[in-house]
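Written out below as structure tokens is the structure these notes cover.
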Amino acid sequence: DAKTTQPTSMDCAEGRAANLPCNHSTISGNEYVYWYRQIHSQGPQYIIHGLKNNETNEMASLIITEDRKSSTLILPHATLRDTAVYYCIVRVARGINTGKLIFGQGTTLQVKP
Amino acid sequence: DTEVTQTPKHLVMGMTNKKSLKCEQHMGHRAMYWYKQKAKKPPELMFVYSYEKLSINESVPSRFSPECPNSSLLNLHLHALQPEDSALYLCASSQEERIYNEQFFGPGTRLTVL
């Protein structure tokens, strides 16, 4: 699976959009970008995933650059409950072991009042 | 019901003890996972079960022994652990062992080995 690079930490004001970047410059054509988050003392939680098109769900939006070398997770109106570690994960779409989730170091997002 | 439950929440054991961690889901999922998470580190995959058969073992030491007695239940048997095995042990499940299937995680069991 391709390696991802994320900033170690970020701050965001409550009510503002949180934009979390992820670099995956070695991503290949059959690899998806997934985002999970882990709130303190809880298990990770799935947020969103995409291949090449931008995606949106009730939690967040995912913007993937045209060359697919980077992406941005957007939480449109961050709340204090969004304070968590956010993991960007690249996963191969076909072949064996597609169930594996390989977590990187993630970005610790602190939402401040 | 999108819940994965894990028991116990906390476990303290000595290096000579034998203990088990339990994970349960009632979502009809056929893939279940064990992850280990050390403090301030990301989760690391240990085992994957698919349709009650061991699919992936990430070279985990034999003192950790997984078991999947049925499609809803996943156990992790612990024996002769070391203090460095102290960690949060997370269980997850998904519809099947495929990339398209979201993994649902339990809250974890915090294990301390003395």
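Lettering of chains follows the sequences in order, A, B, ..., and the numbering in each one begins at 1.
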**Q.** Closest non-hydrogen atom pair between A/F103 and B/P42, with its separation
**A.** CB-CB, 3.6 Å
Q) At a heavy-atom separation under 4.5 Å, does A/S41 approach chain B through its side chain, its backbone, both, or neither? A) backbone
Q) Under a single-linkage definition using a 4.5 Å side-chain heavy-atom cutoff for Ile, Leu, Val, Met, Phe, Trp and Tyr, are B/I56 and B/M32 assigned to the same hydrophobic cluster? A) no
Q. Got more than 12 heavy atoms from elsewhere within 6.0 Å of NZ, B/K18?
A. no
Q. Does any non-hydrogen side-chain atom of A/Y36 lie less than 4.5 Å from one of B/F105?
A. yes
Q. Are B/L76 and B/L111 connected in a single hydrophobic cluster, I mean Ile/Leu/Val/Met/Phe/Trp/Tyr linked by side-chain heavy atoms less than 4.5 Å apart?
A. yes
Q) Heavy atoms, side chains only, cut-off 4.5 Å: are B/Y33 and A/L101 in contact? A) no
Q: Tell me, for B/Q37 versus chain A, whether the close heavy atoms (under 4.5 Å) come from the side chain, the backbone, both or neither.
A: side chain
Q. Taking B/Q103, B/R110, B/E96 one by one, which has the highest count of heavy-atom pairs under 4.5 Å against chain A?
A. B/Q103
Q | Side-chain heavy atoms of B/Y35 within contact of A/P44, under 4.5 Å | A | no
**Q.** Where B/K41 and A/Y87 come nearest, the two heavy atoms and their spacing
**A.** O-OH, 4.2 Å
Q: Enter the distance from A/Q42:CD to B/L90:CG here, rounded to the nearest 0.5 Å.
A: 11.0 Å
**Q.** Cluster overlap B/M13 with B/L88, hydrophobic side-chain contacts below 4.5 Å
**A.** no
Q.
Please determine whether the number of non-hydrogen atoms from other residues, nucleotides or ligands lying under 6.0 Å from atom CD of B/E44 exceeds 12.
A. no
Q) Transitively linked via ILVMFWY side-chain contacts under 4.5 Å: A/L109 with A/I63? A) no
Q: For A/R16, look at atom CZ and say whether over 12 heavy atoms of other residues, nucleotides or ligands are found less than 6.0 Å away.
A: no
